[in-house]
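Take a look at the structure set out below.
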Amino acid sequence: NAGVTQTPKFQVLKTGQSMTLQCAQDMNHNSMYWYRQDPGMGLRLIYYSASEGTTDKGEVPNGYNVSRLNKREFSLRLESAAPSQTSVYFCASSEPGDGRMELFFGEGSRLTVL
Amino acid sequence: QKEVEQNSGPLSVPEGAIASLNCTYSDRGSQSFFWYRQYSGKSPELIMFIYSNGDKEDGRFTAQLNKASQYVSLLIRDSQPSDSATYLCAVIDGVSGGSNYKLTFGKGTLLTVNP
């Protein structure tokens, strides 16, 4: 059982380049999330998708776009990468119920923008 | 936007001691609270959740919630070197009974347990 799978695990980009981070989950969860983690900043929500067909902005959406391709897959796109987007990106999924919420995280994608 | 505040640490305790991690939150209407553990270079994992005032115990871990003071804490008894990690406090943000939930995290507290 793979859980949440992210690709790529590492990527180096030049300023202005574009790329897409892929995320897939095999737990049949309705909700999926993209977070970024920077030193001393904790986890900050970029975008989330409460269910297939819906996406919403989180705390730090500028410079990113997302696509909920189907129930399993949720991708994050950087159209024109900037050094400020150097970070570790985590995809997560969950099946919220009765106010309880366990996020299952992928292993993370480490992105460096030069 | 809900805010969650944690002391970034580092918090250093000797092996066998009680480690106490604290968290405050801004929204008095928040209902559910979560503690995640993150080892260096790894992804976060859920260790406790609590939504009622008082204490909740799970093995060596105890979560404490005081909604009047907007305060949640995590106690780790008999701390072990393997407990050395960053502990993230999180609060749920969403409409009760709906499905549009998300978690807001604090910045985390780095705990080091010294042998």
Side-chain angles (χ1 to χ4, degrees), chain A residues 2-6 9-10 23 25 27 29-61 66 68 71 74 88-110, chain B residues 1-10 21 23 25-27 29-52 56 58 63 65 67 85-110:
Chain A
V4 179
T5 303
Q6 292 181 232
K9 288 185 170 49
F10 300 93
C23 176
Q25 52 94 6
M27 295 173 281
H29 287 163
N30 277 300
S31 300
M32 298 186 72
Y33 308 81
W34 277 106
Y35 286 89
R36 62 177 288 175
Q37 187 171 39
D38 304 294
M41 296 298 293
L43 288 161
R44 293 183 292 169
L45 183 63
I46 305 170
Y47 271 94
Y48 68 106
S49 171
S51 61
E52 185 179 356
T54 69
T55 60
D56 286 285
K57 295 179 180 179
E59 182 184 355
V60 288
V66 291
R68 183 73 183 266
K71 191 172 185 179
F74 188 39
V88 179
Y89 292 84
F90 287 100
C91 178
S93 70
S94 74
E95 191 61 48
D98 299 326
R100 308 180 189 195
M101 186 164 171
E102 179 171 6
L103 289 179
F104 293 85
F105 286 88
E107 293 184 340
S109 299
R110 186 174 297 274
Chain B
Q1 178 70 36
K2 295 180 189 291
E3 292 185 358
V4 179
E5 298 290 336
Q6 293 183 255
N7 187 329
S8 62
L21 302 157
C23 174
Y25 57 95
S26 62
D27 186 349
S30 296
Q31 296 294 318
S32 301
F33 306 88
F34 304 81
W35 283 100
Y36 282 77
R37 177 177 62 199
Q38 186 176 25
Y39 292 114
S40 181
K42 302 295 185 181
S43 55
E45 57 180 343
L46 180 69
I47 53 172
M48 293 282 291
F49 68 88
I50 186 168
Y51 52 91
S52 298
K56 179 181 179 181
D58 184 0
L65 175 59
K67 289 186 177 181
T86 296
Y87 290 81
L88 299 160
C89 175
V91 58
I92 201 167
D93 187 354
V95 178
S96 178
S99 62
N100 201 12
Y101 291 107
K102 56 186 186 288
L103 284 186
T104 297
F105 286 85
K107 295 180 180 180
T109 298
L110 176 62

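Naming convention: chains lettered A, B, ... in sequence-line order (proteins, then strands); numbering from 1 in each chain.
- Phe104(A) does not touch chain B: none of its heavy atoms, backbone or side chain, sits under 4.5 Å away.
- The shortest non-hydrogen separation linking Leu43(A) to Gln37(A) is CD2-CB, 3.9 Å.
- At most 12 heavy atoms of other shown residues, nucleotides or ligands fall within 6.0 angstrom of atom CZ in Arg110(A).
- With a 4.5 Å cut-off on non-hydrogen atoms, Gln38(B) touches chain A through its side chain but not through its backbone.
- The aromatic rings of Phe105(A) and Phe90(A) lie perpendicular to each other, with more than 60° between the two planes, well past the 30° mark.
- Residue Leu103(B) touches chain A through both its backbone and its side chain, counting heavy-atom pairs closer than 4.5 Å.
- For a residue to count as touching a neighbouring chain, one of its non-hydrogen atoms must lie under 4.5 Å from one of that chain's; by this rule Leu45(A) touches chain B with the side chain only.
- Between Glu52(A) and Asn30(A), the side chains place no donor N or O within less than 3.5 Å of an acceptor N or O (distance only, hydrogens not considered).
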